[in-house]
Number of protein chains: 2
Amino acid sequence: MKNIARIFKALSDETRLRILALLSSGELCVCDLMAALELPQSTVSRHLAYLRNAGLVDDERRGVWMFYRLKQESALGNELLLLLIAKLNESNQTHRDRKALNALPDAQGRSCS
Amino acid sequence: MKNIARIFKALSDETRLRILALLSSGELCVCDLMAALELPQSTVSRHLAYLRNAGLVDDERRGVWMFYRLKQESALGNELLLLLIAKLNESNQTHRDRKALNALPDAQGRSCS
DNA sequence: CGAAGATATCTGCTCATGCGGATAGATGTC
DNA sequence: GACATCTATCCGCATGAGCAGATATCTTCG
């Protein structure tokens with residue numbers, strides 16, 4: 001139960017929910033998240049660390065870039081997580097963030113691609 | 001989304017999760033919760049207020065007693081909440097708490113019944 | 001009305017967590 | 001090795017939240 005509380009604590013911040021919503025459709029690098037969420041790098045990194053420590057995301061370094069993705073398994077269970085993601089994807093904030101993400105420059109204009 | 005974060009914040013404390021687990025099988029008064037959880041009255045009351053403000057529980061005064069129950073509807077959605085409750089009911093802590101609750105004196109020995 | 005019982009809220013304290021800029025660390029290229 | 005880029009972590013600050021005892025508030029009864 002302590003672990004469940006810990007995961008909910010990870011989920012109790014709007015920025016982190018925004019990150020999870022964006023990650024729900026595929027892995028992203030810190031620079032993409034920064035751009036889409038319009039947040040400073042340290043803020044994004046800190047929240048990603050929190051999510052990773054809670055066991056909700058995995059990271060992978062590719063050169064100078066760090067990519068993050070949702071974990072398939074967490075202590076919350078798949079079904080619960082899927083419902084949560086669905087809930088997040090209903091929100092206007094997620095629509096706005098996703099629009100910003102899709103408006104990012106293509107491969108050539110991006111640092112990580 | 002702010003509201004979702006708020007609900008998760010309400011869920012991010014172990015004591016509150018314990019309360020929700022106990023309430024999942026029926027309404028309880030503050031004095032029962034105090035006894036089952038072995039926590040002081042002010043702690044229980046404060047957590048219940050937090051849960052009520054997050055829209056997860058309803059209260060009802062009956063004489064000098066306050067009864068609390070899970071809300072049927074919350075901003076999280078029924079299904080998600082049911083899965084969460086199921087998750088909570090798997091935990092050893094919930095088993096211990098429920099055992100303590102069942103060990104409480106019967107009607108005559110209880111103040112609220 | 002006063003007293004008793006139940007409980008919400010206040011209080012003071014400590015710890016956790018949010019923020020963003022600064023800095024340390026990692027990677028890649030020349 | 002020097003330098004550029006990316007990112008994790010530190011730092012200082014402000015705010016939120018946990019705790020339990022004290023106190024205020026509410027209800028009921030004699």
Side-chain angles (χ1 to χ4, degrees), chain A residues 1-2 5-20 23 27-54 56-69 104-105 107-113, chain B residues 1-2 4-19 23 27-54 56-69 104-105 107-113:
Chain A
M1 187 176 267
K2 279 182 166 52
R6 188 151 139 268
I7 294 182
F8 282 130
K9 187 154 294 194
L11 298 173
S12 65
D13 177 73
E14 193 188 357
T15 301
R16 289 199 286 273
L17 290 179
R18 290 171 72 190
I19 289 171
L20 284 176
L23 290 181
E27 67 170 14
L28 291 167
C29 65
V30 178
C31 54
D32 279 345
L33 288 167
M34 281 166 63
L37 300 173
E38 294 184 313
L39 290 173
Q41 178 268 317
S42 66
T43 301
V44 174
S45 271
R46 195 167 34 77
H47 285 302
L48 286 167
Y50 207 106
L51 290 171
R52 187 183 58 236
N53 291 338
L56 292 170
V57 302
D58 271 329
D59 57 4
E60 181 181 346
R61 184 174 276 280
R62 294 198 202 129
V64 296
W65 297 284
M66 290 293 283
F67 282 79
Y68 287 78
R69 65 179 171 278
L104 294 185
Q108 305 246 3
R110 251 144 109 175
S111 67
C112 63
S113 315
Chain B
M1 188 177 265
K2 277 180 167 58
I4 298 185
R6 191 153 137 268
I7 293 182
F8 281 128
K9 188 154 293 195
L11 297 173
S12 64
D13 177 73
E14 195 187 356
T15 300
R16 290 199 286 274
L17 289 179
R18 290 170 73 191
I19 289 171
L23 289 180
E27 67 170 14
L28 291 167
C29 66
V30 177
C31 55
D32 278 345
L33 287 167
M34 281 166 62
L37 301 173
E38 294 183 317
L39 290 172
Q41 179 267 318
S42 67
T43 301
V44 175
S45 271
R46 193 167 38 76
H47 285 302
L48 286 168
Y50 207 105
L51 290 170
R52 188 184 57 235
N53 290 339
L56 291 170
V57 302
D58 271 330
D59 56 5
E60 181 182 343
R61 185 176 276 279
R62 297 199 198 128
V64 298
W65 296 285
M66 289 293 286
F67 282 80
Y68 287 78
R69 67 180 170 277
L104 294 184
Q108 306 244 6
R110 256 147 103 178
S111 68
C112 61
S113 316

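Per chain, numbering begins at 1; letters A, B, ... match sequence-line order. Keep in mind it's a predicted model, so treat the numbers as computed, not measured.
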Problem - Spatial distance of atom CG (Leu51(B)) from atom CD1 (Ile7(B)) [nearest 0.5 Å] - result: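 Here the interatomic distance stands at 10.5 Å.
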Practice task
Any chance you could measure Glu14(B), atom CD, to Lys2(A), atom NZ, to the nearest 0.5 Å?
Solution key: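 If we round to the nearest 0.5 Å, Glu14(B):CD and Lys2(A):NZ are 4.0 Å apart.
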Please check: side-chain N/O of [X] versus main-chain N/O of [Y], any donor-acceptor pairing under 3.5 Å?
X	Y	value
Arg6(A)	Asn53(A)	yes
Arg16(A)	Lys9(A)	yes
Arg52(B)	Tyr68(B)	no

Exercise for the section: State whether Tyr68(A) places a side-chain N or O below 4.0 Å from either non-bridging phosphate oxygen (OP1 or OP2) of dA8(D). Expected result: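 Yes, such a contact exists.
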Measure [atom1]/[X] against [atom2]/[N] and give the value in whole Å, please.
X	N	atom1	atom2	result
Asp59(A)	dA26(C)	CG	C1'	13 Å
Arg6(A)	dG18(D)	CZ	C1'	18 Å
Leu17(A)	dT17(C)	CG	P	15 Å
Ile19(A)	dG18(C)	CD1	C1'	13 Å
Phe67(A)	dA8(D)	CZ	P	12 Å
Glu38(A)	dG20(C)	CD	C1'	16 Å
Lys9(B)	dT15(D)	NZ	P	15 Å
Leu51(A)	dT17(C)	CG	C1'	14 Å

Practice task
Please work out if Cys112(B) contacts a base, only the sugar-phosphate, or nothing of the nucleic acid, heavy-atom cut-off 4.0 Å.
Solution key: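 No contact.
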Handout entry: Step-by-step side chain to side chain contact (heavy atoms under 4.5 Å, CB included) determination, Leu48(A) to Leu33(A)
Key = CA-CA 10 Å; Leu48(A) 286 167; Leu33(A) 288 167; 4.0 Å; yes
Exercise for the section: Mark up nucleotides 19-30 of chain D, 5' to 3', with B wherever a protein heavy atom is under 4.0 angstrom from a base atom, S wherever such an atom reaches only the sugar-phosphate, and - elsewhere. Expected result: BBBB----BS--
Exercise for the section: For Asp32(B) and Leu28(B), work out which heavy atoms get closest and say how close. Expected result: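 The pair with the smallest heavy-atom distance is OD2-CD2, 4.0 Å.
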Practice task
Would you name the heavy atoms of Cys31(A) and Trp65(A) that are closest together and state the gap between them?
Solution key: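 Smallest interatomic distance, heavy atoms only, reads SG-CD1, 4.2 Å.
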Practice task
Please tell me if the side chains of Leu11(B) and Leu11(A) come closer than 4.5 Å, counting only heavy atoms from C-beta onward.
Solution key: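 A side-chain contact under 4.5 Å is absent here.
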Problem - Contiguous pairing runs of three or more, Watson-Crick or G-U under 3.5 Å, that involve DNA chain C - result: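 Stem segments, range with range: C:1-30 with D:1-30.
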